[in-house]
Structure formats: C-alpha cells, structure tokens
Amino acid sequence: MVTKRELLQSGTLATIAAAGGAPGVALAQLLSGAPADADLKYSTPTPRDVSVPEEIETRLGTLHFDGGVPDAATTEILYHNLDFQRAVQAYLLGLPPVNQLANKSAILTVGPANKTVPIWEQLVDSRTVELTANDNTAYSWFWLDLRNGPLVLEVPPNVLGLIDDMWYHWVGDLGITGPDEGRGGKYLLLPPGHKGQVPKGYHVVRCPTYSIWPVWRSFLVHGDPKPGVDLVKKFTRIYPLSQAAYPTTPNFVDMSGKPFNMVGPAGYQFWEMLNQVVQEEPIDSVDPTTLGFWASIGILKGKTFAPDARMKKILTEAAAVGDATARAISYRLRGKEGYFFDDSNWRLAFFGGYKFEWQPGVANLDAAAFFFFLATGVTPAMDTKIVGEGSTYPWSALDANNNALDGGKTYKLHLPPHVPVKTFWSVIVYSTQTRSMLQTNQRFPSVSSQKNDLLVNGDDSVDVYFGPKPPPGKEPNWVQTIPGQTWFTILRLYGPLEAWFNKSWRPGEIEPQP
C-alpha cells in the first residue's frame with residue numbers, strides 16, 4: 001500500500017495508479033486515511049490544505065498526528081504553547097489596570113481616599129518614581145472611592161486635569177479643557193449604575209468604576225509654582241453628596257523631594273494585581289476579548305485565582321516576556337505609524353489617538369502597550385492638534401545612528417531657530433528601566449526655555465547636551481546621565497505653533513559627540 005507521505009512527496013499519477021483503482025478515488029482515500037483498496041461510493045478529493053501530514057516541523061519542534069489527531073505528547077506541547085501565548089497577550093492587555101492599581105496603592109499609603117491630596121508643591125523631581133512625570137507644573141493627585149455613593153469634587157480655577165477610571169479609560173476632563181473651562185466648579189461624580197436623582201448645579205460625571213483617578217496640573221507664575229498651589233489649596237473640596245451642606249477641605253500632603261514609587265511590578269505579582277482589579281471593579285466597560293484573555297489564564301470575576309505549579313511557571317515566564325515585548329514596542333517600534341518623520345527617531349506619544357485605534361472600533365494593540373508601559377493620563381486633550389493650544393510630546397530613545405542612548409557618552413540635541421511654541425518648551429531625561437526621571441546629582445534632569453540662564457545661540461537656536469559631564473561652558477544647557485544606564489528624552493512643546501504641525505520646523509536628532 002502507498003502511504004500518504006509517499007503520495008504527498010511524489011505528487012504523481014503514477015504513484016496514485018500504483019495504489020490501485022481510479023486516481024481520483026485513490027487520492028481521496030489516501031488523503032483521508034482510508035485503505036487504498038477500499039471502494040467508497042461517496043468519496044471526493046480532500047483538499048490538500050485541509051488535511052495535515054503525519055509530522056510537521058515547527059518552532060515548537062516536531063508535531064505528530066494520527067489521521068489528523070495530535071498524539072498525546074503533541075497535544076501537551078500545543079496546550080502549553082497556547083497558555084503561554086495567551087498569557088503574554090493578557091499581560092500586555094493588563095498593563096493599564098495594573099498601572100492604575102500601582103498608582104492607587106502608592107497614593108493610599110499617603111492617606112485615605114476621598115480625604116487626602118498628594119501635591120507636588122515644588123514640582124516633581126527625580127525622587128518621584130512615576131511614569132514620565134514632568135517638572136514643569138505642580139501636580140495634584142487623587143484617589144477617590146465611590147463605593148459609598150456620589151462624591152462632589154470642587155475644582156479650583158486655572159488647572160488642567162482629567163479623570164481616568166481603573167481600566168485607564170478616559171472619563172472626562174477638569175479645568176481648562178473641562179466644562180468649567182478653567183473657571184473652577186463643582187463636579188458630581190456618580191458611581192457605576194447610579195439610579196438616583198441628579199441635582200442641578202453640578203458638572204455631572206458618570207464613572208464606570210468605583211475607584212477613579214482625578215489629576216490636575218497648576219501652572220507656574222513667573223517661574224514660581226506657589227500661586228497655583230495656593231489656588232488649589234484654597235478652592236479644592238471633596239465630600240459626599242449627602243454632606244453637600246458641609247463641604248470639607250482635604251488634607252494636602254506635599255510630596256516634593258520625597259522618595260515615592262508609583263510604578264507597577266513586572267513579575268508574577270503583576271497577575272495578582274490584575275486579578276485584584278478584576279475582582280474589585282465592574283467589568284462591563286471592558287471588551288469581551290480582553291476579558292477572555294484574562295479568563296483563559298484563570299483571572300475571572302467571582303472566581304479564585306489559584307494557578308497550579310505548571311501554570312504559575314508559565315505566568316512567571318509570560319510576565320518576563322510581556323515586559324520585554326513592551327520594551328521592544330516602546331523603544332524600538334517597527335511600524336512607521338508611531339513616528340513624526342519618516343527618517344527620524346522622534347516618536348509620537350499617542351498614535352491611534354487617545355483610544356489607541358487603527359480606525360474607529362479597531363484596536364491598535366501596540367499603541368496601547370507602548371503608552372501604558374511609558375505614561376499615565378489618558379485624555380483627548382493630550383492629542384489635540386490645534387495651533388497654539390494644548391501640548392505635544394515628541395520623544396526619542398535612540399541616537400542618530402539608531403543606537404540606545406548610552407549614559408556614559410556625550411550627546412547633543414540641536415533645536416533649530418524659533419522653537420514653535422506659544423508658551424514654552426522643555427527637555428526631560430528619563431530612565432529606560434523605570435520610565436521615570438533619571439536619578440543623578442541633578443534634582444531636575446531637564447533643560448527648559450523657562451530657565452533664566454539658558455544659553456541661546458545667536459540665530460535663536462538652542463543646543464542641549466547630555467552626558468556624565470557638561471561640555472565646558474555649557475552647564476546651563478546640560479543634563480547629567482550615568483554610565484551604565486540607558487535613557488530616553490521627551491521634548492515637550494506647550495502651545496505648539498503652525499511650524500510644528502506643517503513640519504517646516506523639526507528638532508535635530510540626538511547626535512553622539514566625539
């Protein structure tokens with residue numbers, strides 16, 4: 001009898017004829033596994049791409065089949081691989097809620113929710129470990145809990161803020177880009193599924209999760225954060241709607257200069273944190289596919305997360321590979337959709353918009369993984385393209401030669417004349433490990449047009465230097481880096497002008513120096 005393997009290898013009618021019977025019938029019989037001399041009245045040729053040979057060589061090794069059925073050893077290999085693949089994707093999809101839980105957990109060490117406001121009165125410095133925070137404005141940070149009913153948040157004037165939920169979905173804006181338009185106002189925050197009457201006189205925000213993160217920035221006045229901070233302390237209130245007649249002032253805690261970590265872990269603890277969010281929050285605002293990935297590895301609302309030893313080993317490895325994959329996407333993105341210019345390493349902070357989509361309703365998975373690995377704060381206001389409004393955040397992790405930025409080397413960034421900003425620009429250096437400000441001898445690892453001693457060239461261009469030591473005479477324009485540590489930088493443009501949007505102005509690449 002001629003075997004299926006011989007038939008597939010030869011592909012000749014002579015081989016089919018040698019099997020006996022009509023070629024068409026014999027072909028169908030052999031491909032289907034039937035004996036060659038069987039007389040099957042209703043046989044038809046089986047398409048070759050529907051069947052599977054007895055052996056397949058793959059990246060998983062040799063897979064063995066008996067008439068299309070994987071044998072026991074192959075089945076084990078395939079399920080092990082499936083669990084691992086799903087776990088890696090579950091990790092990337094889990095970055096937003098785990099980021100939020102790390103943020104929340106850290107903030108709650110400062111004081112209880114609804115009563116405590118961490119505030120960086122003297123700006124965020126490098127002792128604060130937080131994803132790409134900036135040192136240009138004074139942050140006020142909140143964690144609010146709506147489990148006991150609606151809350152009122154009184155927002156001060158002249159702040160720029162947002163509200164994100166525990167899945168890192170945008171819920172609404174506060175302040176300048178919010179409905180109060182920078183005048184300040186009362187926001188009524190309603191918990192998930194709230195059915196009660198809604199009183200008038202409030203900006204109403206319906207929240208998809210019980211835990212929510214409002215955050216805002218107040219601005220410097222002639223380089224001084226104090227006037228903005230004073231407004232925040234004077235006008236901010238948080239209280240239950242039921243106690244609206246007795247509004248209370250929260251406890252402000254100055255976090256400037258204090259060691260503080262809000263960045264989440266990348267190991268097995270990641271899964272425990274993801275499970276915590278799934279168990280604590282409503283899941284009806286999460287898409288079924290994402291929930292399906294999490295369920296496939298044992299994270300399902302109302303169920304105990306208790307992986308066995310085999311699955312725990314897979315999850316531990318998947319967390320490492322997931323973190324490594326996020327780093328590849330973040331620092332060496334392969335698609336050009338994430339770059340400002342075709343021949344440049346300057347990257348977009350948002351690609352796919354604030355919803356991270358290829359097109360409406362189609363998720364851009366790389367865009368989301370990149371953003372939530374590196375950043376916080378989702379709002380359409382950060383993706384605005386209105387001349388003179390908002391801000392833009394070109395950034396780079398590679399030098400002009402496509403190499404990682406080496407903390408032991410010296411580099412120069414040339415900003416051509418007339419940087420196109422309505423307000424100001426800044427350059428801040430971050431660690432590629434923590435994605436937080438690089439910790440050096442400089443409290444603020446940055447150079448900004450707000451600096452009084454900034455060195456400006458005769459043609460109005462500016463050169464910014466990075467390295468372990470400043471070039472002689474360039475100290476005001478220098479950011480210190482550390483040998484053995486790679487880094488990246490964000491060039492923030494506040495109130496970008498037309499020359500930025502039409503690309504008639506572009507920053508130089510980060511050039512290694514002799």
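Side-chain atoms are counted along with the backbone in the values below, which use heavy atoms only and exclude waters and symmetry mates.
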Trp170 side-chain N/O to Pro380 backbone N/O, donor-acceptor pair under 3.5 Å: no
For Ala133, does its backbone N or O pair with a side-chain atom of Tyr430 as donor and acceptor, under 3.5 Å? yes
Taking C-beta and beyond as the side chain, do Pro118 and Tyr139 meet within less than 4.5 Å on heavy atoms? no
Residue list, side chain to side chain donor-acceptor pair (under 3.5 Å) with Arg310, at least two apart or on another chain: Asp83
Verify side chain to side chain contact (heavy atoms under 4.5 Å, CB included) between Asn345 and Ile510, making sure each step is shown before the conclusion. CA-CA 9 Å; Asn345 282 318; Ile510 300 174; over 6 Å; no
Quick one: are Ser426 and Asn134 in side-chain contact, heavy atoms under 4.5 Å? no
Within the distance-only criterion (no hydrogens, no angle test), does the side chain of Gln513 pair as donor or acceptor with the backbone N or O of Glu511 below 3.5 angstrom? yes
Nearest 0.5 Å please: distance from the CG atom of Leu153 over to the CG atom of Leu144. 6.0 Å
Are the side chains of Thr316 and Trp271 in touch, meaning some heavy atoms are under 4.5 Å apart? no
Does Thr209 use its side chain to pair, donor to acceptor, with the backbone of Glu281 at less than 3.5 Å? no
Is a side-chain N or O of Asp66 found less than 3.5 angstrom from the main chain of Val69, in a donor-acceptor match? no
Between Ala326 and Leu95, which heavy-atom pair has the shortest distance, and what is it? CB-CD1, 4.4 Å
Residues two or more places apart in sequence or in another chain: which of them pass side-chain contact (heavy atoms from CB on, under 4.5 Å) with Ser446? Asp135, Ile428, Phe444
For Val427 and Trp425, work out which heavy atoms get closest and say how close. CG2-CZ3, 4.0 Å
Kindly state each residue pair satisfying ring-ring contact (aromatic ring centres under 6.0 Å, His included) with at least one member in residues 300-343, sequence neighbours excluded. Tyr331-Phe488, Phe340-Trp500
Which distance, rounded to the nearest 0.5 Å, do you find between the CG of Leu63 and the CD of Glu55? 9.5 Å
Asp399 side chain to Pro512 backbone, donor-acceptor under 3.5 Å: no
Let me confirm one number: the NZ-CG distance from Lys313 to Asp308, rounded to the nearest 0.5 Å. 12.0 Å
Identify all side-chain donor-acceptor contacts of residues 360-376 below 3.5 Å with residues at least two apart in sequence or on another chain.
{"unit_1": "Asn364", "atom_1": "OD1", "unit_2": "Asp366", "atom_2": "N", "d": "3.3"}
{"unit_1": "Asn364", "atom_1": "OD1", "unit_2": "Ala367", "atom_2": "N", "d": "3.0"}

As a quick check of understanding, evaluate salt bridge (charged side-chain N to carboxylate O under 4.0 Å, His left out) for Asp343 and Arg506, giving each step before the final call. CA-CA 12 Å; Asp343 56 345; Arg506 59 182 283 182; 3.2 Å; yes
Is Arg327 reaching over with its side chain to a backbone N or O of Thr432, donor-acceptor style, under 3.5 angstrom? yes
Let me confirm one number: the CG-CG distance from Asn275 to Leu101, rounded to the nearest 0.5 Å. 10.5 Å
Any salt bridge between Asp145 and Lys104, counting N to O under 4.0 Å? no
Between Asn103 and Met262 the two heavy atoms that sit nearest each other are OD1-SD, 3.4 Å
Near Lys301 NZ, under 6.0 Å, is it more than 12 heavy atoms from other residues, nucleotides or ligands? yes
Inter-residue atom distance His80.NE2 - Ile314.CD1, 0.5 Å rounding: 4.0 Å
How about Tyr411 and Trp487: are their ring centres within less than 6.0 Å of each other? yes
Does Lys385 make a cation-pi contact with Phe501 (under 6.0 Å, within 45 degrees of the axis)? no
With a sphere of 6.0 Å drawn around CZ of Arg86, does it hold more than 12 non-hydrogen atoms of other residues, nucleotides or ligands? no
Looking only at heavy atoms, the pair that brings Met273 and Ala102 closest together is CE-N, 3.7 Å
For atom CD of Glu337, is the number of surrounding heavy atoms from other residues, nucleotides or ligands below 6.0 Å larger than 12? yes
Test item: Arg147 and Glu280 side chains (from C-beta on) under 4.5 Å apart, heavy atoms: yes
Identify the heavy atoms of Lys312 and Tyr268 that sit nearest to each other, and give their distance. CG-CE1, 3.5 Å
Can Leu162 and Val378 be said to form a side chain to side chain contact (heavy atoms under 4.5 Å, CB included), step by step? CA-CA 8 Å; Leu162 58 87; Val378 175; over 6 Å; no
Within this structure, what is the OH-CG distance for the pair Tyr91 and Asp323, rounded to the nearest 0.5 Å? 4.5 Å
Check whether any side-chain heavy atom of Phe84 lies under 4.5 Å from a side-chain heavy atom of Val321, and answer yes or no. yes
Using a 6.0 Å cut-off, check whether atom CG of Asp71 has over 12 heavy atoms from anything other than its own residue. yes
Please report the shortest heavy-atom distance between Leu189 and Cys207, naming the atom on each side. CB-SG, 4.3 Å
Start with the C-alpha gap between Phe351 and Leu333, add the side-chain angles, then the distance that decides, and say whether side chain to side chain contact (heavy atoms under 4.5 Å, CB included) holds. CA-CA 12 Å; Phe351 55 100; Leu333 182 71; 3.9 Å; yes
Listed partners of Ser344 passing side chain to side chain donor-acceptor pair (under 3.5 Å), at least two apart: Glu509
Residue pair Leu405, Thr481: steps toward the side chain to side chain contact (heavy atoms under 4.5 Å, CB included) verdict: CA-CA 10 Å; Leu405 296 167; Thr481 60; over 6 Å; no
Say whether Thr379 and Asp173, considering side chains only, have a donor N or O and an acceptor N or O under 3.5 Å apart. yes
Result for side-chain hydrogen bond (donor to acceptor under 3.5 Å, both in side chains) between Tyr494 and one of Thr392, Thr137, Asn136 points to Asn136
Short side-chain to backbone donor-acceptor contact, Arg435 and Gln433, under 3.5 Å: yes
Between Asn401 (side chain only) and Asn403 (backbone N and O only), is there a donor and an acceptor less than 3.5 Å apart? no
Flag side-chain contact, heavy atom, 4.5 Å: Ser431 against Gln439: no
Hey, are the side chains of Arg347 and Trp395 touching, using non-hydrogen atoms and a 4.5 Å cut-off? yes
Judged by atom type as modelled, is there a donor-acceptor pair below 3.5 Å linking the side chain of Gln89 to the main-chain atoms of Gly322? no
Do Pro394 and Leu348 make a side-chain contact, defined as non-hydrogen atoms from C-beta onward lying under 4.5 Å apart? no
For Tyr168, which residues count as a side chain to side chain donor-acceptor pair (under 3.5 Å) partner, sequence neighbours excluded? none
